[in-house]
Amino acid sequence: MGGKISTRAAYGEALLEYGAPNEKVYALEADLAECTMSGKFGHACPERFFEIGIAEANMIAMGAGFAANGKIPVCHSFGLFTAGRGYDQIRNSIAYPKLNVKIVGTNVGLTVGEDGPTHQCIEDLALMRVVPNMVILSPCDGFETKAAVKAMLEYEGPVFMRTGRPVVETVTDSVPDYKFEIGKGVVLAEGTDVTLIATGLMVQETLKAAELLKKDGISARMIDMHTIKPIDRELIVKAAKETGAIVTAEEHNIIGGLGSAVSEVICGEYLVPVERVGVEDKFGHSGDAWKVMEMYGLTLENIVHKAKKAIARKN
Amino acid sequence: MEESRIKELELQAAKIRKTLLQAIRTANSGHIGGSFSIADLLSVLYFEKMNIDPENPKMEDRDRFILSKGHCCPAVYAALAYRGFFPVEDMSGFRSLGSYLSGHMEMNHIPGVDMSTGSLGQGLSVGAGMALSAKCDKKSYRVFVVTGDGEIEEGQIWEAAMAAGNFGLDNLICLVDNNKLQIDGSCEEIMSPYPIDEKFAAFKWNVVKCNGHDIQALSDAVDKASEPNGKPTAIILDTVKGKGVSVFENQIRFHGGRPSAYEYEIAFKELDAQITGLEA
């Protein structure tokens, strides 16, 4: 496993690496360049970097104007202020006309810790999922984030990408033949008793949970679902058929995000027990990031617990 | 502008009004008041001022047009149709299944439409984005954005105004259709946007005031706004909602309401008389 870096820091490096050589790529920022990490690109390409000020709705709709002129604008802010404040602009000025605008929401979830509930965005995946034409990416570590940025810039159409503040372990760089493809989940470990499907930094927790389950004689399949939309139906159905039980894990409300997306596939195609780990439809709390995560049950222990519950519910 | 040319543009505006009213009658829905108040403006822009080509709607260096108050699209559709972007007969499909002429502006299926709009307050931001992007490309085309006077109650308009002023986007022209009425009442009583001119000026814009139904005045205002001088320009159009038909003028209910059969009869009679008079 290759070191530790936050997905937002990896994002900043990747935007510079893949965005700088592409003359069509522009970055629009709402006064958070050092948080979203768009500043790296801004320093290297000042002529393609614009501070729009603390006016996210305007920034996002200005992005639509850039895209209508054939450019690839990337709009940056915290997840709450892109997906949340910019919802109507994303829906009507970007997704409906299917303009090639990329939207980045960083510092999502409970792990912004001390900043508290007003900044702990646990709704972005839900908000973006219900908008037609949107692609939603939620990479788990630095290595995957870089691959996701490359794919996002190459894809023609609206994309929302969430990134996070905490430093997280890099796990996907050791996956044999790892390939990032929008809409295709990555099988990190094979297993037969239950499938653990996670996104974002819960992937790392789920990997640890799989190790614990192994000690109890439970063989868990492990899927890193970096694309929330379009969801990888084929992989989910295969997992349901072969393992008979599913657990999802996400740093997001259990309503509307990964757990809902997986459940929708399961309900429609092949019924097996599904247990969801996430924020149980409650606002967060100020405090140390990982202690808040523990308080809300976003832990490997809860994943283990839910896995056993899902297995017990089989038949 | 020569008298004969003014007459031609007045005639074009009358035809736009008649055609859009026919479309609204067929659809049994649509927005008359704000469409009628911008008909003269659209005649001047589409038939005199804008650099556009119906044979090549996506021409790279064309002037851009965004109807931020997207509900007034039937006026733009009529202008586009007469300008040759699509057959005038297609107007009969307005707002119906099987037609590409949707109830609000749509850019991907309607030739000549540069931006999809409908949710108020977003068009000026998109226009600012286009104008800034044109500056990056060192292009000299202009971006025209039409907003309503009620629409500028939206905070995003002023976010966009602040950005456009600070970026010095002198290729951006915002035309405010100041017809003084919105859905629930007069702008003054619902939420006064006044003074509109001083607000834009405070955001580092040039401001031009103009009678929005006077072809010559409209032409002069657009020319003045097109001079590159380091600032975006707001043209505040003094207009009458429902302009051109006696029973529609200054009537709040014709923001989006349906005329009676009798009102339609009067309207078409008046519009036909205008057209006949101008053709003479």
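In the text below, chain A, chain B and the rest are named by the order of the sequence lines, each starting its count at 1. Every heavy atom of this structure was used, including side-chain atoms; hydrogens, water molecules and symmetry mates were not. All of these numbers come straight from a predicted model, not from anything done at the bench.
- Using a 4.5 Å cut-off between non-hydrogen atoms, the part of residues 151-160 of chain B that approaches chain A consists of B:Gln156, B:Glu159, B:Ala160.
- Residue A:Leu15 holds its CG atom at 9.5 Å from CZ of A:Phe49, rounded to the nearest 0.5 Å.
- Under 3.5 Å, the side chains of B:Asn166 and B:Lys204 contain a donor-acceptor pair of N or O atoms.
- Under the 3.5 Å distance criterion, with hydrogens and angles disregarded, a donor-acceptor pair is assigned to the side chains of B:Ser119 and B:Gln122.
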Margin query: Before you tell me yes or no, could you show the steps for A:Thr36 and A:Glu29 under side chain to side chain donor-acceptor pair (under 3.5 Å), namely the whole-Å CA-CA distance, both residues' side-chain angles and the distance that decides it to 0.1 Å?
Written below: CA-CA 9 Å; A:Thr36 66; A:Glu29 178 56 67; 2.6 Å; yes

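- Other residues, nucleotides and ligands contribute only 12 or fewer heavy atoms inside 6.0 Å of the NZ atom of A:Lys150.
- Side chain of A:Arg48 to backbone of A:Asn22: a donor-acceptor contact under 3.5 angstrom is found.
- Of the N and O atoms on the side chains of B:Ser102 and B:Arg95, not one donor lies less than 3.5 Å from an acceptor on the other residue.
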Item checked: Full working for side chain to side chain donor-acceptor pair (under 3.5 Å) between B:Asp63 and B:Asn51 -> CA-CA 5 Å; B:Asp63 288 331; B:Asn51 174 31; 5.3 Å; no

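- Both the sub-6.0 Å distance and the 45° axial angle are satisfied by B:Arg64 relative to the ring of B:Tyr141.
- For residues 87-97 of chain A, a heavy-atom distance under 4.5 Å to chain B picks out A:Asp88, A:Gln89, A:Asn92, A:Ser93, A:Tyr96, A:Pro97, given by residue number.
- B:Asp137 places no side-chain N or O within donor-acceptor distance of the main-chain N or O of B:Lys139, the cut-off being under 3.5 Å.
- For residues 51-77 of chain A, a heavy-atom distance under 4.5 Å to chain B picks out A:Glu51, A:Ile52, A:Ala55, A:Glu56, A:Ala57, A:Asn58, A:Ala61, A:Met62, A:Ala64, A:Gly65, A:Phe66, A:Ala68, A:Asn69, A:Lys71, given by residue number.
- A salt bridge is absent between B:Asp177 and B:Lys241: the closest approach of a Lys/Arg side-chain nitrogen to an acidic carboxylate oxygen does not fall below 4.0 angstrom.
- Side-chain contact, B:Asp170 with B:Asn229: no donor N or O sits under 3.5 Å from an acceptor N or O.
- Atom CD1 of B:Ile38 sits about 5.0 Å away from atom CG of B:Leu67, to the nearest 0.5 Å.
- The 12-atom threshold is not exceeded at CZ of A:Phe283, counting heavy atoms of other residues, nucleotides or ligands nearer than 6.0 Å.
- Proximity of the aromatic rings of B:Tyr82 and B:Phe47 is defined here by a centroid distance below 6.0 angstrom, and this criterion is not met.
- At least one donor-acceptor pair under 3.5 Å links the side chain of B:Trp205 to the backbone N or O of B:Ala161.
- Heavy-atom proximity under 4.5 angstrom to chain B picks out nothing from residues 102-134 of chain A.
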